[in-house]
Amino acid sequence: MSTVMSTVEHLDRGPLGRDELAALVARDIPPGSFVNLGIGLPTTVADHLPPDSGVVLHTENGMLGMGPAARGDEIDPDLVNAGKIPVTELPGASYFHHADSFAMMRGGHLDVCVLGAFQVSERGDLANWHTGDPGDIPAVGGAMDLAIGAKQVFVMMTLFTKDGTPKLVPECTYPLTGLACVSRLYTDLAVFHIGPEGVTVTETYGTSVAELASRLEVAVRPAGSRDRTKGAIVSHVHPAADHADHL
Amino acid sequence: MTTVFTDPDEAVAGIADGSTVLIGGFGMAGMPVRLIDALIRQGATDLTVVSNNAGNGDTGLAALLAAGRVRKIICSFPRQSDSWVFDGLYRAGKIELELVPQGTLAERMRAAGAGIGAFYCPTGVGTPLAEGKETRVIDGRTYVLEYPIKGDVALIGAHVGDRMGNLVYRKTARNFGPVMATAAALTIAQVHHVVETGALDPEAVVTPCIYVDRILDLSAVEGTS
């Protein structure tokens, strides 16, 4: 497993839509993983997981084996997800109390968690719980536990705000959720891997690495490129390579 | 020794002003609404409430807040689409908020129930919620020192109880119930119905009776189906 990947630039199309982005994240979740999907956009990743993936969904209010949203007669006020939306249980599901549920997260037992974000820094710092606006009532929920607990933290967000300000930044200006915890960043314009070697672009959509580099204040480089300062090859193993048949 | 009550007002008798009250539930799932309604009638005030959320709509915890009985709330997620009661009190400066990450909130109560003096937790390191807290590096990782949250009273919702006070829960309504039951000096559980001692499978009991002082049998309460 030492494949050196090169960046794929999709220049003949526009940015990813929300559904396409969710499908891309689902593609990169290894089969059989235990996964927590955050509230909002990350929840939609579940719709793109292949039925035979063996992925088990965790919801931090105390359940493994969470099924799709409940409809009609399935709705049970005692069975909700972290967003308090009625959900269903799948065969093999289990229930546990909050201290156990968060021990599962904090203890590093979850393989992947997928979160939304206001900002991600080039070191993988995450800001997703508070805008910092003094008029906003702060609410953190399980965001900080998820950020530092899972083996891998994937973030889904648009790369720029509506007014064009980058959300991948040298330093987060919003209040932090966790330090150096994000390993992958999935955006409408590109997928980034974040690690000790810096920020690498693995895929672009409707733009190029060069164009991204010009719009961001963060140093980004294509996968497989030579880091001149360290003289090392930046190599990435694509986890989806082993289950490409799921695409 | 657990006492089974059929009158909600008797079930909450004796809760003192200034108490710290742990209230179960995640949103409305597992929320002990009948016990909270009885607490409002009982009149205890100047309370510190520990709960994941800060009330939904106008019932349950939201009604307790609206009645002006709560001085401080310790929770992880006060801001919700239907948390208008809390929002109004907070913006008017009429309620104090201590915001705690959800897992740390659960673990602080677990620690209280388990006799742990404090614990080093990795959650929140480097964030505003860890500001001013003692930290320590263990095996290269930084942790924040967190202290237990002990309740004078816990109000929780469970599914079925037996006459000894053993409890089982239902689906995600379990949430904070088992942890809060261990962390309070007086634990009061509302259950949908009570069965005879021996009727619960001992292997399936989630909260053993040692943690439960009073049970409110909702099946015997007037106006409850």
Side-chain angles (χ1 to χ4, degrees), chain A residues 39 59-63 66 70 76-89 93-108 123 125-130 132 135-149 172 174-181, chain B residues 24 26-31 52-54 56 75-83 86-87 90-91 97 99-111 113-114 121-130 141-142 157 159 169-182 206-207:
Chain A
I39 296 170
T59 181
E60 61 261 34
N61 51 318
M63 180 186 194
M66 178 176 65
D76 178 340
D78 284 346
L79 180 46
V80 296
N81 67 11
K84 304 184 180 77
I85 307 295
V87 291
T88 51
E89 66 184 28
S94 54
Y95 297 104
F96 29 85
H97 63 65
H98 248 74
D100 277 352
S101 186
F102 281 81
M104 227 172 254
M105 293 154 63
R106 205 191 297 109
R123 284 187 311 278
D125 294 350
L126 171 67
N128 77 346
W129 70 283
H130 191 19
D136 276 1
I137 295 174
V140 66
M144 290 185 180
D145 308 271
L146 283 167
I148 59 93
C172 294
Y174 283 59
L176 288 178
T177 308
L179 298 174
C181 54
Chain B
F26 182 81
M28 293 308 284
M31 171 83 67
N52 189 60
N53 304 108
N56 303 77
C75 73
S76 86
F77 208 82
R79 185 193 65 225
Q80 300 169 93
S81 58
D82 59 352
S83 61
F86 171 81
D87 297 1
Y90 182 77
R91 292 192 195 286
L97 169 67
L99 193 70
V100 180
Q102 201 168 330
T104 302
L105 186 68
E107 191 65 14
R108 287 176 66 186
M109 288 187 278
R110 199 199 69 81
C121 181
T123 306
V125 168
T127 77
L129 297 191
R141 191 175 193 194
T142 306
H159 186 50
Y169 300 82
R170 191 167 172 276
K171 303 187 186 286
T172 57
R174 180 181 306 200
N175 57 67
F176 283 91
V179 181
M180 289 181 170
T182 69
V206 175
T207 294

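The sequence lines fix the lettering, A, B, ..., with proteins before strands; numbering per chain opens at 1. Basis for what follows: all heavy atoms, side chains included, without hydrogens, waters or symmetry-related copies.
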Chain A heavy atoms under 4.5 Å from B:T142: which part of the residue, side chain, backbone, both or neither? neither
Here the pair of heavy atoms bringing A:G135 nearest to B:R91 is O-NH1, 2.6 Å
If we only count heavy atoms from C-beta on, is the A:P77 to B:M28 side-chain gap below 4.5 Å? no
Side chain / backbone / both / neither for B:R110 at chain A, heavy atoms under 4.5 Å: side chain
With a cut-off of 3.5 Å and sequence neighbours excluded, list every side-chain donor-acceptor pair involving residues 141-149 of chain A.
{"from": "A:D145", "atom 1": "OD1", "to": "B:G103", "atom 2": "N", "distance (Å)": "3.4"}
{"from": "A:D145", "atom 1": "OD1", "to": "B:T123", "atom 2": "OG1", "distance (Å)": "3.4"}
{"from": "A:D145", "atom 1": "OD2", "to": "B:G103", "atom 2": "N", "distance (Å)": "3.2"}

B:N53, part contacting chain A, at a heavy-atom distance under 4.5 Å: side chain
Between A:H97 and B:Y169, does the ring centroid distance fall short of 6.0 Å? no
By a 4.5 Å heavy-atom criterion (distance strictly below it), what part of A:P138 contacts chain B: side chain, backbone, both, or neither? both
Under 4.5 Å heavy-atom distance to chain B, tell me which part of A:T177 shows up: side chain, backbone, both or neither. backbone
Under a 4.5 Å heavy-atom cutoff, which of B:P122, B:G124, B:C121 has the most pairs with chain A? B:P122
As an exercise, state the distance from OG of A:S101 to CZ of B:R174, rounded to the nearest 0.5 Å. 11.0 Å
Interface check, chain B: of A:A99, A:G178, A:G62, most non-hydrogen pairs under 4.5 Å belong to A:A99
Heavy-atom closest contact (A:V140 atom, B:V100 atom, distance): CG1-O, 3.8 Å
If I measure from the heavy atoms of chain B, does A:N81 come under 4.5 Å with its side chain, its backbone, both, or neither? backbone
B:E107 versus A:F102: any side-chain heavy-atom pair under 4.5 Å? no
Taking all atoms of both residues into account, what is the closest heavy-atom pair of B:T172 and A:N61, and its distance? CB-ND2, 3.6 Å
Considering non-hydrogen atoms only, spot the tightest contact between A:L179 and B:G126 and give its length. CD1-CA, 3.9 Å
Once salt bridge (Lys or Arg N to Asp or Glu O under 4.0 Å) is applied, do any residues pair with A:K84, and if so which ones, sequence neighbours excluded? none
If you look at every heavy atom in B:P78 and A:I137, which pair is closest and at what distance? CG-CG2, 4.1 Å
Output the distance between atom CZ (B:R170) and atom CG (A:D76), rounded to the nearest 0.5 Å. 4.0 Å
Rounded to the nearest 0.5 angstrom, the CD-NZ distance for A:E89 and B:K171 is 3.5 Å
Chain A contact via B:L105 - which portion, at a heavy-atom distance below 4.5 Å: neither
Measure the acute angle between the ring planes of B:F26 and A:H98, then classify it against the limits of 30° and 60° as parallel, tilted or perpendicular. tilted
Taking side chain as C-beta onward, heavy atoms only, is B:P101 less than 4.5 Å from A:W129? no
